[in-house]
> 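Before I ask anything, let me first share the structure, which is written out below as structure tokens.
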Amino acid sequence: MIARVIVTPKPVVNDPQGLTVKQGLASLGFREVTDVRVGKYIEVNLEGSSEHEARRRVEEMCRQLLANHVIEDFQFDIEPERKRR
Amino acid sequence: MIARVIVTPKPVVNDPQGLTVKQGLASLGFREVTDVRVGKYIEVNLEGSSEHEARRRVEEMCRQLLANHVIEDFQFDIEPERKRR
Amino acid sequence: MSIKSVDERRLREVALTPDEYRAIVEQLKRAPNEVELGMLGVLWSEHCSYKSSRALLRRLPSTGQGVVQGPGENAGAVEIGEGWSVVFKIESHNHPSAIEPYQGAATGVGGIIRDVIAMGARPIALLDSLRFGPLPASARHVEGVVAGIGGYGNCIGIPTVGGEVYFEDCYASNPLVNAMCVGLVRTDQLMRARAEGAGNSLMLVGADTGRDGIHGASFASLELDEQSAQRRPAVQVGNPFLEKCLLEACMDLAHTDAVVAIQDLGAAGLTSAVAECAGRVEGAGARIDVGRVPRRERGMTPYDVMLSESQERMLVVVRRGREREVETIFQAWDLTSAVIGEVTGDGQLTVLDGEDQVARVPVRLLTDGVPMRRLIGLPPEPPYGLEVDALPPLADPGASLLRMLASPNLSSRRGIFRRYDHMVGDSTVVAPGGDAAMLRIKGTRLGIAVTTDCNARYCHLDPHLGAQLAVAEAARNIVATGARPLAVTDCLNFANPDRPEVYWELEEVVAGLAYACRALDLPVVSGNVSLYNDSNGTSAIYPTPVIGMVGVIDDYGKRLGAGLSAEGDFVLLIGSSHNDLGGSEYLKVEHGHVAGRPPALDLTREKAVLRLILSAAQSGYLHSAHDCAEGGMLVALAEACLLGGIGVRCPAIRPEPPLRLDAAFFGESPSRFIVSVPSRAMPEMQSLARRHNVELSLLGLAGGEVIEFEGQLKLSLAELRMAWDSMVIS
Amino acid sequence: MKFGVVVFPGTWSDRDCGWVIDQVLGQELVYLWHKDSDLKGCDCVILPGGFAYGDYLRTGAIARFAPIMEKVGEFADRGGLVWGICNGFQVLCEAGLLPGALIRNASLEFRCEWTHLLVERTDLAFTGQCTERDVLRVPIAHGEGSYFADPATLSGMEQRGQVVFRYCDAGGRVVPGANPNGSLHNIAGIVNSRGNVLGMMPHPERCAEAELGGTDGLKLFRSVAENAFKVLVS
Ligand SMILES: Nc1ncnc2c1ncn2[C@@H]1O[C@H](COP(=O)(O)OP(=O)(O)O)[C@@H](O)[C@H]1O
Ligand SMILES: [Mg+2]
């Protein structure tokens, strides 16, 4: 089972990385870019259990460790097959 | 148009962050976790152009700036609708 | 006047009391509108107005030789010689760090740096004073705070050279994060944040304004409770890179005469910056247009813009007609700048949104209108008795020493300060790890020593004495490097002062600070007060008046380290020892009590000891000096050995009654130092001590790889180091 | 000898390098602004430490596109001396002027402390004043200094002798315990195959005066200055 977790800064939270990358892209000539947000991607491989159970566990992991709920949102999907995306 | 870019450390590169997250999860009781890799998630909003053109441009951004091919792989998808995932 | 026009929920939101609201209506002669209410709410918060503490703070001495700027500006300034002044201030960021340790601590560092920049000074050093609940439960919090301080300081390129960390139960739900910044400026180029000259432009520079931390100042003035969770959007994310650019641009600005003043935006954002700046000039006012404020988000209201606490912004007062020059400087650093208004002479803060006037409040009402709160102090029962005679005698000094060195309050802080860049700037000539740190002033032989200190356990047991001990210890730390103490900045961290016993602590602490600072000729040139460090009204922190101190040495070539530096040196104890076990770390670690009276302090003796050490350092008699603090003589001696990598052989200690053996080893009598003296300088050192009328006792000889007191303890440096390096925070 | 020190937004070792060049060594110094595209006739370009562009996204990732970098690349191609220190090393790797990359320290912590470096090349313009297998005491200050290159690149570099500095203990032994960040092969500094572009994580400019705790770093600055002198007289 593999879970792909995406953690992003909450929309109202300042994202200095995103701002700086946006400026970097602009100076490289990518002027069509209107906004950039930088977050984390976390790939978690888990053993056994049902997809339903895995979903519950990963949700728990996000709440407890993977995301900082004060400033970040998270989302994830789960794939039964253990193969790299 | 919105591009969702995922940048991951290449399999041969050490991922101390992934290891630490794995240990952290284990110490919280998530013992079913067999492997964790930590990468980056970058959300790029772009103006105008076709999906095809956007794909070409984002590919270019990844090659030039968003990923370092010595240590990282990247992948992305593009969604015409500009709505937050 | 009735209060009916505004509902109570709204008042609570802006943290105003019905009485305060009434005072506003009375002085405005009308009801304030929403925006005005918000502005008054933040500026009248405890955090901005000091309404509970201002009267007390006046008791602190703030003038003295060398003081160039006392309290009232963004930071204080003291002349150090050769045309240079040091600018410094300490500030708390306790509440934000409790909610989000990394960002809370990081933005605390960012904020105090901007206060120093606003004075036209280049920041050259940072210090952090931290208090947490016991390990390991607090480990994640410690990790976040330390990472946040390093994350900001390391990125911006200002060395973090000192600070302190303590672990006590009382901080478990109210951790304290205080940050101090020290800057350097030519005295004649010191700036003051005064909005002089009607018609001059107000420019907002740096980051765009977002909806960060709206009502952060009010938030800092409330106790933490379940509802704090809902206030969480108040948490700000710092951008040290942007602040680095802002810093350099402001340094460039200081070289032009286009600028009248620079003011940082901190708590209460634009409202506070504009009001403070205008408030410092008699009759000055300001007119600003929120429509011209560059924004990060769409749909922000004038209310949001006026109250936003977005980081990394500065207000610049620019001479009329010189705006282009300023803009060019900021452009060079890729920073936005916008003219948002102008200085007026009408004494009003007028806020426009394009054509529309959205607020108009007298500046004085904002800055000085809040009714001062008269609180009542009542001493609590003194429950902290200690029968020293009832304590069992010291059984095994070696075993005790190992346990003491491994205690989180005494163990080596290397695991923390090696995560801070403490070398950038090529000026750190005494690195963290000993007593004060020292930075050289390039182009001169001058050095400045900096430290923060406070034993809050002493303050808990006796606030008046504890505060004095904190000042004395800071002075001792400065003197241990060979530098002369100059001036103080203080951060008063307290629980809810509405509780009479807390207000009593505050009164006592301020009185103690004032007394010690007067006795040691140390003006208090800046500071900060953080109240309401309680959670749910139950657990209160110890009164924690953190003392930041700066000293100067005329020739940094004469500086001293804390570690023994040569085999064969005589190792001496300077000062006298008493049965001072009250409030000691020994009592806590070995007997599990926090009790008794803190050590008695005789400031006349203290002065004599400080003079002796300075004079010996000046004459070149000393190879090292280290002050005896928590853990007493033996812990100080072990530290001197471990820092220098040299052992010491001593004859057995046979204390003269009534001095107990445990007190001789681990008692915390103040006004003492461990020094090492080369044998050739011993006669001079002895006669110098006699002349200063200070007790000097020979402990032993430096050398080898063990610490030995004949027949009493013998431990290898390796064993000691293992214990000392045992703190694990991540 | 004219040193040029590049300043990116977010750079902070520029002044420290400048201080050593100008005040300690008495050599000629110019600062090179990232937006400029002129090296002002300098003989050695230093890319100093700092957090250019905040090191956001990846260390050195954005800085390498600064206008000045194009000139630095051309200068390197002509055989000019380019010296990246800490963040400068990261920029050089991102720019492809040096092989490999620098990733998060294995400890995941920023580390500021003294290290020992074994000098493996003394035939370079940067190390001419060092003795064979010299051990230098030089501080580090970085969070992302763990050197990585794929196995083929790494073995090619080793064969060509491109590793200039390795973390070692005080006795010069290259042991895992002396490695502060998890760098492959204990690598602290490397050179390009031509020998004119050096990248190193430790900060020699922080140990060029006794009062800062050591003077080993001065050897490297002296080497560059002396080398220019040798080139001039030959
Ligand atoms: N405990 C104190 N002792 C002396 N001065 C103080 C103290 N607390 C605050 N001050 C002074 O009062 C002024 C306002 O403080 P503060 O509101 O913390 O400044 P800022 O607006 O820069 O955050 C400053 O000049 C500060 O130095
Ligand atoms: Mg201020």
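A note on names: the letters A, B, ... follow the listed sequences, proteins ahead of strands, and every chain is numbered from 1.
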> Does atom CD (D:Glu74) have a neighbourhood of more than 12 heavy atoms from anything else shown, all under 6.0 Å?
yes

> Side chain, backbone, both or neither: which part of C:Cys155 has a non-hydrogen atom closer than 4.5 Å to chain D?
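Contact with chain D is through both the backbone and side chain of C:Cys155.
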
> If you count heavy-atom pairs within less than 4.5 Å of chain D, which of C:Val429, C:Val430, C:Val424 leads?
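The option with the most such pairs is C:Val424.
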
> What part of D:Thr11 gets within 4.5 angstrom of chain C, counting heavy atoms only: side chain, backbone, both, or neither?
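Answer is backbone: N, CA, C or O of D:Thr11 sit under 4.5 Å from chain C.
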
> Would you mind checking which part of C:Tyr556 comes under 4.5 Å of any heavy atom in chain D, side chain (CB onward), backbone (N, CA, C, O), both or neither?
side chain

> Provide the closest heavy-atom pair for C:Thr428 versus D:Leu212 in the form atom of the first, atom of the second, distance.
O-CD2, 3.8 Å

> How would you list, by chain and number, every residue that makes a side chain to side chain contact (heavy atoms under 4.5 Å, CB included) with D:Ala141, sequence neighbours excluded?
C:Asp421, D:Phe110, D:Cys112, D:His203, D:Arg206

> Does any heavy atom of chain D fall under 4.5 Å from the side chain of C:Ile158, the backbone, both, or neither of them?
neither

> Would you mind telling me which of D:Arg111, D:Glu113, D:His34, D:Gln23 has the largest number of heavy-atom pairs within less than 4.5 Å of chain C?
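Sorted descending by pairs with chain C, the first entry is D:Arg111.
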
> Report yes if the distance between the aromatic ring centroids of D:Tyr53 and C:Phe241 is under 6.0 Å, otherwise no.
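Under 6.0 Å, so yes.
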
> Any ion pair linking C:Arg559 and D:Glu211 (charged N to carboxylate O, less than 4.0 Å)?
no

> For the CD atom on D:Glu70, are there more than 12 heavy atoms of other groups (residues, nucleotides or ligands in this structure) within a distance under 6.0 Å?
no

> For residues D:Pro139 and C:Met423, report the shortest heavy-atom separation together with the two atoms involved.
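Reported closest heavy-atom pair: CB-SD, 3.4 Å.
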
> Based on non-hydrogen pairs under 4.5 Å, which of C:Arg414, C:Arg418, C:Lys244 is most in contact with chain D?
C:Arg418

> Between the main-chain N or O of C:Ala332 and the side-chain N or O of D:Lys35, is there a donor-acceptor pair closer than 3.5 Å?
yes

> Go through the atoms of C:Glu243 and report whether side chain, backbone, both or neither lie under 4.5 Å from a heavy atom of chain D.
neither

> Can a donor-acceptor pair be found between the side chains of D:Tyr56 and C:Asn239 at a distance below 3.5 Å?
yes

> Donor-acceptor pair, distance only, cut-off 3.5 Å: does the side chain of D:Trp12 make one with the backbone of C:Asn154?
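Answer holds: yes.
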
